[in-house]
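Here is the structure we will look at.
Each chain gets a letter, A, B and so on, in the order its sequence line appears, and its residues count up from 1.
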Amino acid sequence: MSKPTPLSGFPELLPAQRAVEQQVIDTLRSTFELYGFAGIETRAVEPLDQLLRKGDTSKEVYLLRRLHETSEEGHAGMGLHFDLTVPFARYVLENAGKLEFPFRRYQIQKAWRGERPQEGRFREFAQADIDIVGRDVLPFHHDVEVTRVMVDALTRLSFLPAFRLQVNNRKLIQGFYAGLGLEDLDEVMRIVDKLDKLPVEKVHQMLVDEAGATSEQADRVLSLATIRTGDDSFVAQVRGLRVSHPLLDEGLDELAALVRGVADLTSDRVRVEADLSIARGLDYYTGTVFETRLDGYESMGSICSGGRYDALASDGKITYPGVGISLGVSRVLVPLLARTGLTASRSVPSAVLVALADEDSRPASEAVAAALRARSIPCEVAPTAAKFGKQIRVAERRGIPFVWFPQADGGHQVKDIRDGNQVDADPSVWTPSPEDLRPQVVPGA
RNA sequence: GUGGGCGUAGCUCAGCUGGUAGAGCAUCGCGUUGUGGUCGCGAGGGUCGCGGGUUCAAGUCCCGUCGCUCACCCCA
């Protein structure tokens with residue numbers, strides 16, 4: 001068999017990098033749980049009609065098909081989920097009778113899309129989602145809450161570059177467009193969303209050509225979209241544009257409340273700003289919308305996005321409004337590992353390699369390892385009774401900081417191979433420093 | 001889906017108008033016979049992505065194909 005080649009869009013990590021990813025996942029999980037979010041996992045597949053509920057991007061869904069498929073459609077009527085929101089909406093409906101509302105959950109799982117891979121865009125990728133969903137009603141303060149949770153989680157990932165959380169509110173922009181007398185609000189929003197890719201003049205022209213705006217209306221739409229403030233001063237700027245509409249007022253109040261509600265979390269690494277150009281494409285958001293950009297990684301687009309949907313799910317009688325944010329774990333991590341060489345301080349969990357004098361004394365070395373493990377110190381015994389120099393090298397290659405030498409007289413010594421310091425030690429007492437106990441995330445060279 | 005770039009050792013790459021497959025790093029061994037790293041000496045390691053064609057002769061030229069990659073499109 002010839003050597004297998006990597007599959008484009010299906011990233012796999014070496015152990016040291018996986019350790020970094022694991023640490024990210026652990027941090028996210030513990031942060032989400034600090035705020036009382038319950039963890040769930042949904043199955044990898046959903047019925048096709050569920051997945052395609054929101055429009056025809058069907059090409060990007062991976063279908064399931066038995067090898068001996070005989071049905072007329074040629075597939076099993078199921079596909080891999082392409083995000084965690086659609087499965088969650090289905091899960092809420094399915095288990096509505098057993099859940100307590102408002103229901104807060106986190107979900108860290110893989111998702112799949114059949115897109116062409118690019119930096120930060122994969123066919124198989126991990127996402128971390130938090131959502132709060134209510135029954136019939138969900139007060140606005142939850143919008144502030146999910147924002148605070150995600151900002152907290154991102155802040156705890158101390159090796160991330162600085163980032164900027166951009167927030168907007170669809171009521172605000174839709175109310176503004178309606179107040180201007182525009183009709184096709186969705187189309188206007190879709191075009192304005194392209195501002196980060198296309199020049200202003202081009203967007204202006206599209207507004208006139210495709211959204212039925214007058215040149216003057218387009219000017220004012222663009223005036224709104226260029227407003228960007230780190231505090232609630234955007235309210236005065238919008239008022240200055242002299243458009244009025246009840247929905248606009250509502251959106252302004254909400255966005256101002258959100259910006260004020262997270263102001264205490266900002267720092268030099270974390271900025272939160274009202275950015276009135278953010279619209280989030282054509283999806284079902286109805287109020288708050290978020291995007292997040294990493295400094296130095298602007299080309300990667302948003303690494304963390306979400307918003308409010310007044311109808312996350314509905315069974316016809318009861319509607320379940322929700323608000324949530326989704327962090328692209330693979331999207332941010334894989335490019336960061338590749339570009340910066342970020343890695344873990346060692347490729348194995350072991351803090352100690354217990355040396356082996358000869359095969360006959362393996363039980364003695366295993367006993368040392370057992371004593372260390374009893375006190376939760378990860379360790380392993382040398383694979384062979386090679387010369388001690390080679391056993392030390394085994395540890396060095398893996399980044400294991402300590403080598404333990406059982407002595408012929410029954411005593412013990414432990415050597416820190418980084419400085420060569422070797423001291424007497426007792427396996428029932430000796431403990432490495434906290435930094436050495438677990439692999440640490442270390443910046444690249 | 002469209003267009004460009006690239007496939008040679010574990011990794012990074014060199015290889016001219018066609019003439020017996022190379023370097024650095026890494027690995028392994030020895031010097032140093034059971035305490036590593038430095039240094040010196042040595043060794044192993046290749047279907048040149050795959051298939052076909054031209055030729056006395058192809059890593060090199062031609063055709064095809066597969067893969068990777070970048071950009072576009074798209075991005076719930």
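Distances shown here put every side-chain N or O of A:Arg116 at or beyond 4.0 Å from the OP1 or OP2 atom of B:C75. At B:U69, none of the side-chain N or O atoms of A:Gln118 fall inside 4.0 Å of OP1 or OP2 (strictly under the cut-off). Remark: A:Arg397 is in phosphate contact with B:C28, judged by side-chain N or O atoms under 4.0 Å from OP1 or OP2.
If you take atom P in B:C72 and the same atom in B:G49, they sit 29 Å apart, rounded to whole Å. Rounded to whole Å, the P atom of B:G29 lies 15 Å from the corresponding atom of B:U35. Comparing the same atom, C1', in B:U17 and in B:C61 gives a spacing of 11 Å after rounding to whole Å. For B:A58 and B:C70, the C1' atoms lie 30 Å apart once the distance is rounded to whole Å. Rounded to a whole angstrom, the distance from the C1' atom of B:A43 to that of B:C48 is 23 Å. Here, B:A23 and B:U8 have their C1' atoms 13 Å apart, quoted to the whole Å. Separation of the C1' atoms belonging to B:G64 and B:U20 is 29 Å when rounded to the nearest angstrom. As rounded to the nearest Å, B:G18 and B:U2 have C1' atoms that lie 35 Å from one another.
With B:U35, B:C74, B:G29 as the candidates, the nucleotide lying closest to the side chain of A:Arg393 is B:G29. The side chain of A:Ser8 has B:C68 as its nearest neighbour among B:A76, B:C68, B:C75. Distances were taken from every side-chain heavy atom of A:Gln422 (C-beta onward) to each of B:U35, B:G36, B:C75; the shortest belongs to B:U35. Closest to the A:Ile392 side chain, of the nucleotides B:A76, B:U35, B:G29, is B:U35.
Pairing for B:C48 is absent, judged as Watson-Crick or G-U wobble with the two contacts each under 3.5 Å. Pair assignment for B:A57 gives none, since no Watson-Crick or G-U wobble pairing has each distance under 3.5 Å. Nucleotide B:C25 has B:G10 as its partner under the Watson-Crick or G-U criteria, with both atom distances under 3.5 Å. Pair check for B:C74 finds none; no Watson-Crick or G-U wobble contact set falls under 3.5 Å. With both pairing distances under 3.5 Å, B:G18 is matched to nothing as a Watson-Crick or G-U wobble pair.
For A:Arg190 and B:A76, the CZ to P distance is 12 Å, given to the nearest whole Å. In this structure, A:Asp419 places its CG atom 19 Å from P of B:U35, rounding to the nearest Å. A:Asp193 places its CG atom 14 Å from the P atom of B:C73, with the value rounded to the nearest Å. Residue A:Asp416 contributes atom CG, which lies 14 Å from atom C1' of B:G37 at whole-angstrom precision. Put simply, NZ on A:Lys387 is 10 Å from P on B:G36, counting in whole angstrom units. The separation between A:Asn421 atom CG and B:G37 atom C1' is 16 Å, rounded to whole Å. Atom CZ in A:Phe125 sits about 14 Å away from atom P in B:C75, given to the nearest Å. Between the OH atom of A:Tyr284 and the C1' atom of B:C75 there is a distance of 13 Å, given to the nearest Å.
Judged by the 6.0 Å and 45° rule, A:Arg104 forms no cation-pi pair with A:Tyr35. Remark: A:Arg308 fails to qualify as a cation-pi partner of A:Tyr284 under the 6.0 Å distance and 45° angle criteria applied to the six-membered ring.
The backbone N or O of A:Ala364 sits nowhere less than 3.5 Å from a side-chain atom of A:Glu366 that would complete a donor-acceptor pair.
Heavy atoms of A:Lys415 sit under 4.0 angstrom from at least one base atom. Residue A:Ile400 is out of contact with every strand shown, counting any heavy-atom pair closer than 4.0 Å. Residue A:Gly301 is classed as having no contact, given no heavy-atom separation below 4.0 Å to the nucleic acid.
For A:Phe101 and A:Tyr320, the distance between ring centers is under 6.0 angstrom.
Comparing A:Glu119 and A:Tyr285 along RNA chain B, the residue whose closest nucleotide (by nearest heavy atom) sits nearer the 5' end is A:Glu119.
With a 6.0 Å radius and a threshold of 12 heavy atoms from other residues, nucleotides or ligands, A:Arg164 has its CZ atom above the threshold.
For A:Thr42 and A:Gln107, the side-chain atoms include at least one donor-acceptor pair closer than 3.5 Å.
The shortest non-hydrogen separation linking A:Gly251 to A:Lys171 is CA-CB, 3.8 Å.
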